[in-house]
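Right, one structure below, let's go through it.
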Amino acid sequence: MSYHFNKIEEKWQKYWAKNQTFQAKNDSDKPKYYVLDMFPYPSGAGLHVGHPLGYIASDIYARFKRHKGFNVLHPQGYDSFGLPAEQYAIQTGQHPAVTTENNIARYREQLDKIGFSFDWSREVRTSDPDYYKWTQWIFIQLFESWYDLEAEKSRPITELEKTFSSEGNSRVNAACDDDIEEFSAEDWKTYSEDEKERILLKYRLTYLAEAEVNWCPQLGTVLANDEIVNGVSERGGYPVVRKKMTQWSMRISAFSERLLQDLNKIDWTESLKESQRNWIGKSVGAMVHFNLYGETLKQVQGDGPAELVSASQPKISVFTTRPDTIFGVSFMTLAPEHDLVEKITTEDQKAEVQAYIEATAKRSERERMADVKTISGVFTGAYAEHPFTKEPVPIWIGDYVLAGYGTGAVMAVPCGDQRDHDFARHFDLPIPNIFENVDVSQEAYAGKEGTVIANSDFLSGLKYKEALQKVILELEKTGHGYGKTNYRLRDAVFSRQRYWGEPFPVYYVNGLPKMIDPKHLPLRLPEVEKYLPTETGEPPLGNASDWAWDTKNNKVVSNKMLKQVQHDEKGDVTPSGVEAHEDNGVYPLELNTMPGWAGSSWYLFRYMDAGNPDKFVSEEAQKYWENVDLYIGGSEHATGHLLYSRFWTKFLHDRGYLTVEEPFKKLINQGMILGTSAFVYRLEGENVFVSKNQIKGNNVQPIHADVSLVNASDELDIEGFKKWRPEFADAKFLTEDGKYIVGREVEKMSKSKYNVVNPDDICEDYGADTLRMYEMFLGPLEQAKPWNTAGITGVHNFLKKLWKLYHNGEEFAVSDDKASADSLKTFHKTIKKVTEDIEEFSFNTSVSTFMICVNELTAQRCNSREVLEPLAVLIAPYAPHIAEELWEKLGNSESVSTAKYPEYQEKYLVESKKNYPVSFNGKMRFTMELPLDMSKDEIEKNVLEDERTKNQLDGSTPKKVIVVPGKIVNIVV
RNA sequence: GCUCGAGUGGCGGAAUUGGUAGACGCGCUGGAUUCAAAAUCCAGUUCUUUCGGGAGUGUGGGUUCGAUUCCCACCUCGAGUACCA
């Protein structure tokens, strides 16, 4: 009976679905284990063979853990909000929900064919109102919270209000906007409700703020950085300008230190932790205040509003990691966008400064970053006062200083910082040297240790560390600054001008945001006629006719119930410009939607208790499953999803909704499977294609050919190619030996490169078990590797051999006789190796181990149940369908399990032996068979007592005996 | 520029608390079977050789009885990140 994989696989996929074999229970005597894949965005293109790689690995691990006696949670779902569905909607008018639904159906069909052990009863979709209801709920919780830097945790905003009314804000140490003014409890009581709300908004963990975005007026939309190429939009090539818009932001920066520290608690790869560390970008240094000098001071005080002058001495604050070099300051540089630039610039310099600011504004941030080499800047004519020498310091502006980092201003120390040095040389500014015995005339000296500071008043003669301490002390004493730790991590903009995302549960009264009461959630996405922004530049939800909130009846009502929507002169909708109609209780709703990462930041918890209508996850379910034990997905989410998800988990923990502080204990990044593209070569300007080896010196244009038209020897199916691309139907082909040979290149697998291999086709031709094992066999899980269908026959042959092992000709033939010693040895060796490999995620080598095992058992003519029955269990995680079929044929009525082999659950059945080479002074003399798990001392004892050893030593005592367990024994004489 | 990772046959890749380098698979060569093909099975396959051997894991050094593995310098490729003060 031959191996009919198609029939077998269909049969068992139906069986698993019908019996809900992989449904996990939320209570069990067994220990729990949670295996999660990064859920996919269901794109229209469907799956290619690269997508399931991580799913196969996690599925093997999940099935393995079940065999080991764990209660395993292994769910799957869809990250179903996103841009492609929306863009498709814009082009075709097809509702994104419909497209998404179709794509999910296709994904599910493809996933099912591969035989995953997902618990589909817990499926989640981020675009499902029953799901995003809770995304909106979490948003409200964030709004109702602030961050206490003293206690290092998020707390309810009501507690902050209490503190304000009892003692004002002077003693509050909170993560907040930087324009907070101090007030007392008395002040607080005199404030109106609106004023109080405006102040609280500066403390909330999600808040409204002006943020700079890339605005494309022609497209009427905001673009992400990667949608801009050379300063114009990728789509259409329209100009893009930097523009400030009111947006929701997440105060993730409050969590910087915890996000950094807790990296030490989790089992992620070092490179991934490193990129999160870089992203958080902690730097320790000092804040230094520079007062304005002479005429500049007068100018600012004269011009400025009275309260600003009286409030405090106008000053420029800078952040520096090297306050010890403060006596090396010879100028300051401000970002062109810095608030003070306009105020301090002298009459003489105004025109030049203005021109420079305009020139930089035109360039996108990305462009500015890419163009590092060009040095540019302008003198403002203004001066600041050095905090210690009291000397004037000229103030320049330059685009090498970024408005978004630190204070948007730097104290320039040309002798210690290369960028300052370059700037100084370019504009011929002085480069005072403050390092003993260092030449700074050619380049800056950035070293810290080993030098002594000179020409620096009270710092002269000190080393870096001493100087650092002393200068911070001095700054604090004189009120010119203080020690400060800065983080690069910025608050995350949370608003998107898109349709296909979660609506904010927010309406506006007098321009102030109000949350919808959670009991009236979900706030469903409204229907719109067009998915593009409105003509007046509002986000797509501005097209909805029913998008106003009736606070009396707590429901969405028609916009007609509102009085009138107003716009500012730029065309922006201003929340404050909206006035309610005689206060009928109907207010405008937020028009932005949430970004893609909103739904994916907490989905791992929803799986624990999917479908709970009352809570995002019940306490019991979360307490039982805790968090994800093993998370597998791509490394492209290193600083996005993985950081945001850690942030939300910490927040929900602080507020008492979760018992854990980290979402993912262990994380593995699977490598990408690349495609092998095929190229045909067309002679420039002619309709003639030349075979690869005939090109020689000819000028040819390579064109992608569909890989399905090329066989394993790189021969092109010419007739097929002509049919595939009708414009080449009349083309001529210059062949070699009658064959047209294509060129090959490894690239990312993509539809546009015609190198996509569909897993459905592989399942059809070779079976899902073959696909699963071959994907594992391709190479190490974490490494990128090209797909090559040719090699698949090796794995397929292995499964055929496995099948044969249980059959004699057409007959199923497994005997109840005892297995031979050789066969037992082979099998136990395999159990040991495979078990170790799985625990180390070396799935590729375990496939090899299976191949060796089957080859050896075949050679031994093993047909004993004693080996073949547990072998089916062992291989089941990799090739579940064939394992189930064989298991059934062996007379078992239940699904494959280790229930019959309790000892297998533990480790492996019996101890294995190994040949130890025994060497003398490095020269190998003989081998000795010893048990693998023997201790070092026992091995040494056994070897020394062996006759052959005694002969070699000939009476003398060895100097040293080196034992490497499982490997070698070396005796040094 | 900085950070991280990787360089092993014709190819994908094994082997790292230092211990028989090239497991396993693809491909290739030869053989068996077959009228023939497919499929299957068996043998061989790092290079070199005067058949005794000799060389060999990107390059050059070092530590060691012993190095693909550890250390130093360099070369190449890949990934991430980027004027972070």
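The figures here come from the full heavy-atom set of this structure, side chains too, leaving out hydrogens, waters and symmetry mates. Numbers restart at 1 for each chain; the letters A, B, ... are given by sequence-line order, proteins then strands.
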Pairwise 5' ranking along RNA chain B for S271(A) and V410(A), keeping only the more 5' one: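 Counting from the 5' end, the first nearest nucleotide belongs to S271(A).
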
Please figure out whether T407(A) or T845(A) has its closest RNA chain B nucleotide nearer the 5' end. T845(A)

Could you list the residues that satisfy side-chain contact (heavy atoms from CB on, under 4.5 Å) with N797(A), not counting sequence neighbours?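 With neighbours one apart ignored, the set is K800(A).
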
Where at least one partner belongs to residues 411-422 of chain A, residue pairs that pass salt bridge (Lys or Arg N to Asp or Glu O under 4.0 Å), sequence neighbours excluded: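 Passing the test, one end in residues 411-422 of chain A: D417(A)-R419(A).
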
Could you name each residue pair satisfying salt bridge (Lys or Arg N to Asp or Glu O under 4.0 Å) that touches residues 844-860 of chain A, not counting sequence neighbours?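 For residues 844-860 of chain A, and leaving out neighbouring residues, the salt bridge (Lys or Arg N to Asp or Glu O under 4.0 Å) pairs sorted by first residue read K829(A)-E856(A).
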
To the nearest Å, give me how far apart [atom1] ([X]) and [atom2] ([N]) are.
X	N	atom1	atom2	value
D324(A)	rA85(B)	CG	P	13 Å
N844(A)	rA15(B)	CG	C1'	12 Å
Y3(A)	rU40(B)	OH	P	14 Å

Say you pick atom [atom1] in [N] and the same atom in [M]; how far apart are they, in whole Å?
N	M	atom1	result
rU57(B)	rC11(B)	P	16 Å
rA79(B)	rC74(B)	P	23 Å
rG66(B)	rA73(B)	P	24 Å
rA6(B)	rU16(B)	C1'	14 Å
rG7(B)	rU59(B)	C1'	11 Å
rG56(B)	rG9(B)	P	14 Å
rA23(B)	rG30(B)	C1'	24 Å
rU34(B)	rA38(B)	C1'	10 Å

List the residues meeting ring pair (Phe, Tyr, Trp, His ring centres under 6.0 Å) with H386(A), not counting sequence neighbours, and say none if there are none. F327(A)

Return the set of residues passing ring pair (Phe, Tyr, Trp, His ring centres under 6.0 Å) with F679(A) (not counting sequence neighbours), or none when no residue passes. H704(A)

From [options], pick the nucleotide closest to the side chain of [X]?
X	options	value
L402(A)	rA39(B), rA23(B), rA85(B)	rA85(B)
Y400(A)	rC84(B), rC83(B), rU40(B)	rC83(B)
S848(A)	rC84(B), rU40(B), rC24(B)	rC24(B)
Q783(A)	rG13(B), rA85(B), rA82(B)	rG13(B)
K800(A)	rA39(B), rA14(B), rC83(B)	rA39(B)

Check every strand shown and say whether P780(A) touches a base, only sugar-phosphate, or nothing at a heavy-atom separation below 4.0 Å.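 It contacts sugar-phosphate atoms only.
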
Using a 4.0 Å heavy-atom cut-off across all strands, classify Q418(A) as base, sugar-phosphate, or nothing. nothing

Protein-nucleotides 25-28 of chain B N/O pairs under 3.5 Å:
unit_1: rG25(B); atom_1: OP1; unit_2: N855(A); atom_2: ND2; d: 3.4

OP1 or OP2 of [N] versus the side-chain N and O atoms of [X]: is any pair under 4.0 Å?
X	N	result
T849(A)	rC24(B)	no
R277(A)	rC4(B)	no
K785(A)	rG13(B)	no

I252(A) vs R490(A) side-chain heavy atoms within contact, under 4.5 Å: no

Taking the chi torsion of rG52(B), is it syn (within 90° of 0) or anti (everything else)?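 In terms of base orientation relative to the sugar, rG52(B) is syn.
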
Who is the Watson-Crick or G-U wobble partner of rC26(B), with both distances under 3.5 Å? rG10(B)

With a 6.0 Å cut-off on the ring centroids, do H796(A) and Y774(A) count as close?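 Centroid separation for H796(A) and Y774(A): 6.0 Å or greater.
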
Step by step, would you call Y487(A) with S253(A) a side chain to side chain donor-acceptor pair (under 3.5 Å)? CA-CA 8 Å; Y487(A) 298 90; S253(A) 59; over 6 Å; no

